[in-house]
Amino acid sequence: MRQFPFGLIMAARPRWSPALRHLWMGKGFEERLEALDGFEAEFGRSLLWVVDVPARICVLGEHSDYVPYLSATMITFASSQIRMLALISPRDDGRVRIASSMAGCDTCEFMIADEVIEGEWLQALDERGTPDKHWSNYIRGAVARVQKSFDLRFGFDLFIHSSIPAASGTSSSSALTICGLLAIHLSNGLSWSNDVLAHMGGSAEWYVGTRGGLMDHATMAFAEEGRLLELSTQPFESRVLPYTAGGCRWFTVFTHAADKGGQVMNEFNEISFIQREVIPPMLVSLRFEHPRDFDDWENTAMALEKTCQSDEFGAVRIRDSFSYVMRENLRVKEFLSALGRGETKDTARLLEEAWTDSRDLLRVHTDEIESESERLRAIPGVLAVKLMGAGFGGSLLVLTESDVDLGDSAIEHTPGSGAEVLDFDNTGIGSKVRCAAILLCGGKGSRIVQQGVNVHKPLIPVDGVPSLIRVLDKLGECGIEFAITLVVVPPERIAEYTKALNGKACTIVPQPHPLGTGDAVFCAMEHLPTGIEQVYVSFGTQTLVQNDTIRAALTYHLKHHLGFTLPTTITNDPYAPLVRDDSGRVVDSVETHMEGVERPELGEANIGAYWASMAALEGVLTPLVELKRNDVSYDTPSGELGYPNEMVRACLMAGVGVGGLPCAEPSEMIGIKRIEDVAIIEFEMDRRTRWSAVR
């Protein structure tokens with residue numbers, strides 16, 4: 001992800017799903033591949049963002065984040081071990097389609113226009129009432145909440161693959177809400193901040209009927225690898241803390257589902273109602289203010305009524321609820337003080353006190369919870385057991401000595417990173433490589449001439465700018481230093497190109513005879529300066545080739561010491577497919593139109609961009625020209641020398657390494673062959689602009 005001023009975040013571009021499959025294959029990414037299989041089974045091959053969201057582990061501070069009269073503090077961390085993976089594909093309409101590998105989560109869809117909620121958010125939700133229970137409500141809530149701030153136009157396809165147990169107290173529901181928030185932001189080209197993600201997530205989840213706070217969402221937004229997180233309310237603040245295990249380990253053990261529907265939701269909302277609606281006016285009448293009067297909170301608690309009657313919930317317990325959050329806040333302060341001194345021995349005592357209070361003051365334990373805690377405490381080396389999440393089921397947090405075995409049902413947790421959109425553009429050229437670029441602008445363009453267009457194809461305007469200029473400008477932003485850029489043109493068009501390229505850092509090279517792309521590259525070679533090591537070749541009509549594709553291909557090319565490398569894409573009906581043997585080695589490259597080869601239904605196609613070592617050009621292309629060139633043409637079926645196909649075959653025959661890297665998306669193949677292609681390219685450019693906007 002990219003960081004912008006004021007904390008704004010914008011993700012990298014979406015990647016073609018077959019390119020992700022190639023990237024992950026055989027590299028220990030089984031979970032990602034399972035998610036990818038699930039997405040493609042539901043929605044087909046597509047452009048994808050990959051979002052990774054952690055489970056939330058709360059050490060201390062449960063039930064404090066939604067208390068309005070207390071500047072509460074919570075200690076949490078994100079789990080490295082259990083996380084939710086979301087594959088998100090942008091759509092060009094307002095439809096949202098969601099599916100999941102999780103049990104009980106059926107595939108469904110809705111329109112973003114159906115989730116417009118007018119008026120003040122909480123009041124409007126209260127008036128609507130609790131929706132019928134369905135997992136899609138967490139996504140719907142995220143979409144509806146973002147629509148309070150933005151005019152949304154574009155939906156998404158979303159597939160969820162999660163190792164966070166449902167109804168476990170580790171907040172799979174909040175992770176799902178975060179996935180929905182990121183999906184709608186990404187598909188509409190919206191930036192966000194961690195602060196926005198935390199606050200919007202907390203209120204978005206109210207859509208399902210609960211009235212919780214933002215602790216879960218803030219943990220998922222702000223967590224860092226290897227660190228604890230201190231979250232404070234009123235005002236909201238987050239601070240990472242050193243993680244000192246002190247030879248101890250953290251586990252969660254599942255008891256039974258704490259389903260946020262029906263009776264459990266009512267119980268949770270009753271606790272929230274007491275803290276939000278009942279206690280604050282009573283404290284005003286008692287003139288209690290936090291933190292001013294915190295040292296006297298016990299006397300205030302005794303001044304509160306034990307219970308009062310509520311129309312919605314009946315008799316509600318006031319004094320116990322107030323005492324719980326005050327005692328929990330004290331425990332957090334004591335934990336922070338001990339952490340500052342480098343001590344961890346008091347942690348077990350604090351957790352046990354939290355256990356007692358959640359049982360006796362909040363009364364959120366069940367018989368199954370009590371039974372499982374007794375079993376765990378009987379295991380030698382178990383130091384403390386504490387209830388996780390809202391209660392009424394879910395998981396227990398267990399603190400143990402280092403050598404304890406809790407069995408297969410226990411999950412160990414270490415602090416992990418917060419929610420992130422994975423960025424796969426980490427391809428860096430390790431050493432300084434001297435590169436050159438050759439852009440081919442030849443060809444008769446017979447198809448486009450027949451359509452009445454007299455402008456040479458590379459000079460046809462794309463959104464008001466000649467295609468070649470767009471290619472040159474993008475190449476200048478590539479992050480690769482090109483010692484020289486050569487533009488190869490027909491001799492009769494030199495004046496035309498000289499005028500169009502005025503002020504551009506490139507050299508125009510004539511190709512005396514229109515004898516194919518391989519011949520054009522050969523014509524350019526004599527203009528390359530001494531010392532060039534690698535040469536990038538593409539066309540002045542390939543405006544959609546992306547810079548990270550160029551970088552990834554060069555990195556692969558150098559890493560494997562190849563003579564010739566083709567960035568490719570997996571697509572239907574490929575025009576110029578790459579051919580591999582059963583072991584995956586490249587054995588041929590064909591151009592179906594020029595060579596009369598039947599197109600396969602699905603194949604790996606080059607995108608009209610190539611890397612070649614200077615050694616391969618001099619040792620393979622030059623001898624190939626000398627071998628096949630006659631007085632007026634080449635000894636090939638077309639009479640021309642193709643590039644890359646002839647180059648690929650000649651390299652293979654000479655024992656020079658040839659590679660193909662499926663790192664591109666199908667749109668990158670699109671060049672200007674017909675006038676209709678200009679509109680297609682402009683549409684793709686508009687989509688990319690939308691995804692890279694910062695608003």
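The closest donor-acceptor contact from the side chain of W192 to the backbone of L182 lies at 3.5 Å or more, if one exists at all. A donor-acceptor pair is defined here as one N or O able to donate and one able to accept, closer than 3.5 Å; such a pair exists between the side chain of E682 and the backbone of D463. The backbone N or O of L578 sits nowhere less than 3.5 Å from a side-chain atom of N606 that would complete a donor-acceptor pair. R690 places a side-chain N or O within 3.5 Å of a backbone atom of S187 that can act as its donor or acceptor partner.
Atom SG of C506 is separated from atom CG of L472 by 5.0 Å, given to the nearest 0.5 angstrom. Taking CZ of F39 as the start and OG of S89 as the end, the distance is 4.5 Å to the nearest 0.5 Å. Here the straight-line distance linking atom OH of Y610 with atom NE2 of H557 works out to 14.5 Å at 0.5 Å rounding.
In this structure, R91 is not positioned above the aromatic face of F156 in the sense of NZ or CZ being under 6.0 Å from the six-membered ring centre and within 45° of the axis.
By the 4.0 Å N-to-carboxylate-O rule, E684 lies close enough to R687 to be salt-bridged with it. Salt bridge status for D677 with R674: present, with a side-chain N to carboxylate O gap under 4.0 Å. Of the charged side-chain nitrogens involved, at least one lies within less than 4.0 Å of a carboxylate oxygen, so that D548 and R15 count as a salt-bridged pair.
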| task | Starting from the C-alpha separation in whole Å, work towards a yes-or-no answer on side chain to side chain contact (heavy atoms under 4.5 Å, CB included) for V196 and L181. | result | CA-CA 10 Å; V196 164; L181 288 174; over 6 Å; no
| task | Run the numbers on F43 and L87 for side chain to side chain contact (heavy atoms under 4.5 Å, CB included), then give the verdict. | result | CA-CA 11 Å; F43 305 122; L87 303 188; over 6 Å; no
| query | Between V658 and L566, does a side chain to side chain contact (heavy atoms under 4.5 Å, CB included) hold up when you go through it step by step? | reply | CA-CA 8 Å; V658 176; L566 305 88; 4.1 Å; yes
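In terms of the side-chain contact (heavy atoms from CB on, under 4.5 Å) criterion, residue partners of M25 (sequence neighbours excluded) are, by chain and number, R21, L33. For D52, the side-chain contact (heavy atoms from CB on, under 4.5 Å) criterion is met by R83, L85, E420, L422, not counting sequence neighbours.
Of the N and O atoms on the side chains of S17 and E40, at least one donor lies less than 3.5 Å from an acceptor on the other residue. Looking only at atom types and distance, the side chain of N547 has no donor-acceptor partner in the side chain of E477 under 3.5 Å away. Side-chain contact, H456 with E496: no donor N or O sits under 3.5 Å from an acceptor N or O. T569 and E668 share no side-chain donor-acceptor pair at under 3.5 Å. For the residue pair S193 and D195, no side-chain donor N or O sits within less than 3.5 Å of a side-chain acceptor on the partner. A donor atom on one side chain and an acceptor atom on the other are not found under 3.5 Å apart for E640 and S638.
Enclosure of atom NE2 in H22 by more than 12 non-hydrogen atoms of other residues, nucleotides or ligands within 6.0 angstrom is indicated.
Residue P491 comes nearest to P512 through the heavy atom pair CG-O, 3.9 Å, listed as atom of the first residue, atom of the second, then distance.
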